[in-house]
J.: 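Can you read through this structure? Questions will come right after.
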Protein chains: 2
Amino acid sequence: MPTQTKENYLKAIYFLSQENIDVSITELSKKMNVSKPTANNMAKKMQEKGWLFYEKYKPVKLTIKGKRLGALIVRKHRLTEMFLSQVMSFGWEEVHDIAEEIEHINSNLFFDRMDEILGFPTLDPHGSPIPDKNGKVLKVNYLNLSTIKPGQKVRLCGLENSSKDLLLFLNKKKIKLGSVLSILHIEKFDNSFEILLENNSTILLTFDVCLSLLVEEL
Amino acid sequence: MPTQTKENYLKAIYFLSQENIDVSITELSKKMNVSKPTANNMAKKMQEKGWLFYEKYKPVKLTIKGKRLGALIVRKHRLTEMFLSQVMSFGWEEVHDIAEEIEHINSNLFFDRMDEILGFPTLDPHGSPIPDKNGKVLKVNYLNLSTIKPGQKVRLCGLENSSKDLLLFLNKKKIKLGSVLSILHIEKFDNSFEILLENNSTILLTFDVCLSLLVEEL
DNA sequence: TATATTTGTTAGATTAATCTAACTTATTAT
DNA sequence: ATAATAAGTTAGATTAATCTAACAAATATA
Ligand SMILES: [Mn+2]
Ligand SMILES: [Mn+2]
Ligand SMILES: [Mn+2]
Ligand SMILES: [Mn+2]
C-alpha cells in the first residue's frame, strides 16, 4: 500500500528516468521540491519497498516493479485527465492539478469504470500515451515542430511539456490537439515560425514554443 | 487547509453531533477506531484550529465554523456518491468507500462541476440530504417503517444506516429507493413485517430491518 | 458514603516526512 | 595533482498521527 507521498516520488523518478535511466538524488530533490537529505532518505525507503536500486553515492534506478507501479500511477493520472476533459468538460489546462490528487484514489473499479466510459482511450488530453493495465506504454513517435521545414503541413499531436502557461497560450492562439498548421515561413533572424491555421488566420510562434509542440506531417 | 485525517475526525464529530450535540472523547475514539489518547490529542488540535470547543474532562462540541466545515465535507461525500451512482453507474452499495476518499479532493471547481452535471441534486443515492454550498442541510422528515401500521402503503425514501450489508440485502430483496411497500400484516410473535412489493411478490422483513428503513406514507 | 467502574489525561515511544547544519565523497577546473 | 565545486550522507530536530502504560477525575453502584 504505497502512500500518497511515495507515489509522487515514484512518479517523479519514473519521468526523470525517461530522459536518463539513472536518476541523481539532486535531480529527484529538485523535481520534488524537497531538500537533498529528504530525497536521499526517501530513496532508501523506496529501496526497502523494492521499487528502486539504491547504492550510496550512486544514482538511483527503478526496478521492474517500480517501473510498473510508476506507470500505473501515470495511467490513473491520464485516465483521470481524460475523464475530466471528456466527461466533465474541463479544459485541458484545468485537468492536471485535479488529476494530481485523484491519481492516488485506491480503487481499481473506479479507474476501470472511467476507462470503460471513455471507450478505452490510449492518449490523454495533452496527447500523452495512457499506459495500459500492465504498465506498458505505447511508444508514440512524433516530430518536433521546430524541425519542420517551410511549406510543410502538420497536425498537432502532442506537447513536450504541458505547463498551464503553455496550454493557456495555445488556447489564446486557438491551437488545440488535432489542429492543422501550415508552415508559411521561418524568419532567419529569430527562428520564429509564421503559421497558417485552418481558420485562415496567420500566427507567429517563437522557436521556443515550436520546441514544445509535437506534430505529424500530413 | 485541513488534512485528510482531520477532515475525517471532523466528519465523525459532525455525525455524532446529530444524535447528541455533545460528543465524548470515547465516542469519538470508537467512531474513528483509535485509542482514547489519540482522540483526545486530536480534539485539542482541532480546538486550536477553531473547529471545536474543548475543555478537560468535558465532552467536545463543534463551533459554527466546525459545523459548517463538517457539512461541506459531507456535501462533497454525497455529491460524489451521487455522481458515482448517476454518471458512472455504480450501485448504491459501491459508492461509499470511493466517496470516502474523493471527499478529500481539494478543488471546488471539481465538486461544483459534479453538482452541475447532476442538476443540483438534494439527496444522495441513499436518500440522505446533500448540504448546500453554505453547509445548510435540508431537514427531511421521514417515518420509520417500524412505526407503520398494517394496511398502509409507503414509499422508501431513506435509510437509517447505509451499511453495505443492508444495501446488499435490499438489492437481493429487490427493494430500492422509491420502491412502494404495502404492509400486509405484522406478526405479533416476532414483529416481522409481511410486505407486498410493486411486482406483486410478498416478502418478509424482520423488525430490525424495518428500523433501518425510512418511508413516507402514500 | 465508600467503592468500583468508566472516562479522560499525561507521559513517553514510534513512524513518516520533512528540515538545517555539518561532514564526506566525487567530479571538475586549473 | 591540487584545489574548488558539486553531489551525497549523517546527525539531530520538528510535526502529524498514532500507540501503550500509568494515573486522575467523574460517574455509577452497592
Ligand atoms: Mn498531467
Ligand atoms: Mn499526485
Ligand atoms: Mn456514504
Ligand atoms: Mn474520508
Side-chain angles (χ1 to χ4, degrees), chain A residues 1-14 16-17 19-62 66 69-70 73 100-101 103-106, chain B residues 1-14 16-17 19-62 66 69-70 73 100-101 103-106:
Chain A
M1 34 250 51
T3 157
Q4 190 146 328
T5 304
K6 287 208 179 66
E7 285 190 349
N8 285 333
Y9 276 91
L10 190 57
K11 201 153 57 94
I13 299 173
Y14 179 85
L16 291 170
S17 298
E19 292 145 37
N20 192 335
I21 322 114
D22 289 347
V23 175
S24 75
I25 295 292
T26 301
E27 277 180 287
L28 179 58
S29 75
K30 279 185 184 144
K31 184 92 164 191
M32 291 302 294
N33 285 304
V34 295
S35 69
K36 285 188 286 178
T38 298
N40 192 262
N41 177 60
M42 199 50 104
K44 287 178 181 175
K45 296 240 184 91
M46 292 169 81
Q47 178 197 36
E48 278 163 32
K49 296 219 175 265
W51 297 350
L52 49 78
F53 299 109
Y54 171 85
E55 271 181 284
K56 261 193 179 190
Y57 299 107
K58 294 233 185 90
V60 299
K61 189 168 171 289
L62 287 177
L69 251 178
I73 300 167
E100 200 56 52
E101 296 192 53
E103 68 189 357
H104 306 290
I105 300 292
N106 215 316
Chain B
M1 33 252 50
T3 155
Q4 191 146 327
T5 305
K6 287 208 180 65
E7 285 191 348
N8 285 332
Y9 276 92
L10 190 56
K11 202 154 54 93
I13 299 173
Y14 179 84
L16 291 171
S17 298
E19 291 146 38
N20 192 334
I21 323 115
D22 290 347
V23 176
S24 75
I25 295 293
T26 302
E27 278 180 287
L28 179 57
S29 75
K30 278 185 185 142
K31 184 90 163 193
M32 291 302 295
N33 284 303
V34 295
S35 69
K36 286 188 285 177
T38 298
N40 193 263
N41 176 61
M42 199 49 104
K44 287 178 180 176
K45 297 239 183 94
M46 291 169 81
Q47 178 198 36
E48 279 163 29
K49 296 218 174 266
W51 297 352
L52 49 77
F53 300 110
Y54 171 85
E55 273 181 284
K56 261 193 178 187
Y57 299 107
K58 294 234 185 89
V60 299
K61 188 169 171 288
L62 287 178
L69 252 177
I73 300 167
E100 200 56 52
E101 297 192 53
E103 68 189 357
H104 306 291
I105 299 293
N106 215 317

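So that the names make sense, note that chain A is the first sequence line, chain B the second, and so on, each numbered from 1.
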J.: Can a donor-acceptor pair be found, under 3.5 Å and without considering hydrogens, that links the side chain of Thr38(B) to the backbone of Val34(B)?
T.: no

J.: Taking protein heavy atoms under 4.0 Å as touching, what does nucleotides 10-21 of chain D look like 5' to 3' if B marks base contact, S marks sugar-phosphate-only contact and - marks none?
T.: B-----SSBBBB

J.: May I have the distance from Leu28(B) (atom CG) to dG8(C) (atom C1'), rounded to whole angstrom?
T.: 12 Å

J.: Residues two or more places apart in sequence or in another chain: which of them pass side-chain contact (heavy atoms from CB on, under 4.5 Å) with Asp22(A)?
T.: Asn20(A), Pro59(A), Lys61(A)

J.: Met46(B) versus Tyr9(B): any side-chain heavy-atom pair under 4.5 Å?
T.: yes

J.: Could you work out, with side-chain contact (heavy atoms from CB on, under 4.5 Å) as the rule, every residue matching Lys36(A), not counting sequence neighbours?
T.: Thr26(A), Ser29(A)

J.: Just to verify, which of Glu48(A), Lys45(A), Gln47(A) counts as forming a side chain to side chain contact (heavy atoms under 4.5 Å, CB included) with Tyr54(A)?
T.: Gln47(A)

J.: Rounded to the nearest Å, what distance is computed from the OH atom of residue Tyr57(B) to the C1' atom of nucleotide dC23(D)?
T.: 9 Å

J.: Over how many whole Å does the gap from Glu55(A) atom CD to dT25(C) atom P extend?
T.: 16 Å

